[in-house]
Amino acid sequence: MEVKDFDLGLSAMSGQPLAFYSDYRRSGATEILTYPTQLGRITVSASKRGCVSSVRSSCSESHYKAAAEREVVERFALDEDLSDVYARIDTDPFMSQAISELSGLRVTKNDPWETVLCFVISQFNNIKRIRGIVGNLSKAFGEEIRPDGETMHLIPTPAALASADLSAIRRCGTGFRDRYIKRVAEECSTRVDLGELYDLDYAEAKERLLALHGIGDKVADCILLFGYRKLEAFPIDTWVKRVVETKYFKGRKRSIRQIHSFAERRWGDLSGYANQYIFYQGRLNKIGT
DNA sequence: ACCCAGGCGGGCG
DNA sequence: CGCCCGCATGGG
């Protein structure tokens with residue numbers, strides 16, 4: 001299929017959940033992304049011609065081919081017109097440049113539980129290590145699938161992690177996050193139904209997430225943005241805080257609350273899109289360091 | 001050696 | 001509400 005404004009590599013590897021459990025490589029002009037799902041292993045390849053990408057998806061279980069295509073369209077929001085988004089978040093020269101340099105970066109739609117797990121692990125951590133920990137947990141506690149005879153592991157379910165020994169979780173390299181992981185897995189496999197949050201508005205859903213142990217303001221916003229695709233969420237990590245202070249407040253310190261308020265006034269219900277461009281543009285160019 | 005990483009919970013004033 | 005602290009681990 002042909003898609004306008006889609007960059008597979010930027011969308012998958014810019015710090016969203018796929019960056020923690022997929023494999024990405026480039027082969028000449030073609031980009032190839034592989035990740036495990038309930039359907040089996042999904043492979044997405046894309047080649048760009050100008051602002052249009054030719055996208056092909058496949059599944060190791062060939063009879064799920066149509067389902068794999070739907071999965072890819074939904075995960076990368078390929079039916080969303082990015083030019084509308086750009087028109088609404090392009091409020092200043094910094095954002096204009098970010099949009100221009102990161103053209104085709106899309107906010108992805110991920111499984112809520114997988115997003116919870118990834119971002120509980122993300123706290124006080126770096127992307128490379130998050131990848132390692134998610135991989136170790138998947139290997140230790142995730143269901144094994146064998147596409148084409150090759151072994152892969154799904155991300156572990158809440159029940160699998162809830163019944164795991166704390167020390168076995170710790171051995172996956174989680175550090176002090178072992179308790180958060182086990183406890184949030186217990187909550188999500190018993191009294192908490194993450195599926196209910198789809199129907200709640202942003203503020204109500206955030207309140208529910210904040211009630212879970214190990215989920216604070218920033219992680220809750222990541223889950224709402226990447227797991228439920230509530231585009232008004234504006235996760236504020238160290239990068240976003242620094243970049244916003246540098247680019248929008250002349251380098252003066254601002255509180256998390258002030259930055260939330262600033263983003264809401266400026267980008268409204270598309271704050272999450274602006275956030276992803278700020279975050280990745282800031283990282284690539286080390287803005288504020 | 002030191003510093004940092006897509007922060008959070010708990011305790012304090 | 002804001003501020004401060006400890007927290008595990010690996011890479012620059």
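Quick note on labels: first sequence line is chain A, next is B, and so on, each numbered from 1. Keep in mind it's a predicted model, so treat the numbers as computed, not measured.
Atom NZ of A/Lys253 is separated from atom C1' of C/dG2 by 16 Å (rounded to the nearest Å). B/dC4 atom P lies 14 Å from atom NZ of A/Lys241, rounded to whole Å. The CD1 atom of A/Ile121 sits 14 Å away from the P atom of C/dT9 (whole-angstrom rounding). The separation between A/Leu117 atom CG and B/dG6 atom C1' is 15 Å, rounded to whole Å. A straight line from CD of A/Gln123 to P of C/dT9 spans 14 Å, rounded to a whole angstrom. As rounded to whole Å, 15 Å separates atom C1' of C/dC7 from atom CG of A/Asn126. One can place CD1 of A/Ile256 at 11 Å from P of C/dC3, the figure rounded to the nearest angstrom. As rounded to whole Å, 16 Å separates atom C1' of C/dC7 from atom CZ of A/Arg183.
Taking the six-membered ring for Trp and thresholds of 30 and 60 degrees, A/Phe234 and A/Trp267 have nearly parallel ring planes, at less than 30 degrees apart. Between A/Phe226 and A/Phe119, the ring planes lie parallel to each other; the angle is under 30°, not in the 30° to 60° tilted range.
Side chain of A/Trp239, nearest nucleotide from B/dG9, B/dG6, B/dG7: B/dG6. Looking at the side chain of A/Arg129, the nearest of the listed nucleotides C/dT9, C/dG12, B/dG6 is C/dT9. Side-chain atoms of A/Lys218 lie closest to B/dG7 of the nucleotides C/dG12, B/dG7, B/dG9.
Residue-level contact check: A/Leu225 touches neither bases nor backbone, having no heavy atom under 4.0 Å from any strand. Within the nucleic acid shown, A/Asn275 comes within 4.0 Å of at least one base atom, counting heavy atoms only. Within 4.0 Å of A/Ser14, counting heavy atoms only, lies at least one base atom of the nucleic acid. Residue-level contact check: A/Phe226 touches the bases, meaning some heavy atom is under 4.0 Å from a base atom. Using a 4.0 Å heavy-atom criterion, one finds that A/Arg242 contacts the sugar-phosphate atoms exclusively. Residue A/Ile236 is out of contact with every strand shown, counting any heavy-atom pair closer than 4.0 Å. Within the 4.0 angstrom heavy-atom criterion, only backbone atoms of the sugar-phosphate kind lie near A/Gly214; the bases stay farther away.
Look at A/Glu80 and A/Arg229 and you find a salt bridge, because one of the NZ, NE, NH1 or NH2 atoms lies within 4.0 Å of a carboxylate O, short of that distance. Classification of A/Glu74 and A/Arg70 as a salt-bridged pair fails, no side-chain N sitting under 4.0 Å from a carboxylate O. Checked for salt-bridge contact, A/Lys230 and A/Asp201 miss the test: no charged N lies under 4.0 Å from a carboxylate O. Under 4.0 Å is where a charged nitrogen must lie from a carboxylate oxygen, and between A/Arg266 and A/Glu264 no such pair does.
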Check your understanding: Given A/Asp269 and A/Tyr202, is the side-chain contact (heavy atoms from CB on, under 4.5 Å) satisfied, shown in steps?
Key -> CA-CA 10 Å; A/Asp269 59 359; A/Tyr202 168 74; over 6 Å; no
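Clustering of Ile, Leu, Val, Met, Phe, Trp and Tyr by side-chain heavy atoms under 4.5 Å joins A/Val52 with none of the others.
Contacts with DNA chain C (heavy atom under 4.0 Å) in residues 157-182 of chain A: A/Arg170, A/Gly175, A/Phe176, A/Arg177, listed by number.
Between A/Arg283 and B/dG6 there is a side-chain polar atom (N or O) within less than 4.0 angstrom of OP1 or OP2. Of the side-chain N and O atoms in A/Arg131, none sit less than 4.0 angstrom from OP1 or OP2 of C/dT9.
Stem regions annotated for DNA chain B: B:2-5 with C:9-12, B:7-13 with C:1-7, counting only runs of 3 or more consecutive pairs of Watson-Crick or G-U type with both contacts under 3.5 Å.
Annotation: B/dG6 and C/dG12 have their P atoms spaced 13 Å apart (nearest Å). Rounded to whole Å, the separation between the C1' atoms of C/dC7 and B/dA5 comes to 13 Å.
Put simply, the residue from A/Arg254, A/Lys218, A/Lys253 that forms a side-chain contact (heavy atoms from CB on, under 4.5 Å) with A/Lys241 is A/Lys253. Here the options are A/Arg170, A/Arg183, A/Arg171, the test is salt bridge (Lys or Arg N to Asp or Glu O under 4.0 Å), and the partner is A/Asp178; only A/Arg170 passes.
A heavy-atom distance below 4.5 Å is found between the side chains of A/Val134 and A/Ile121.
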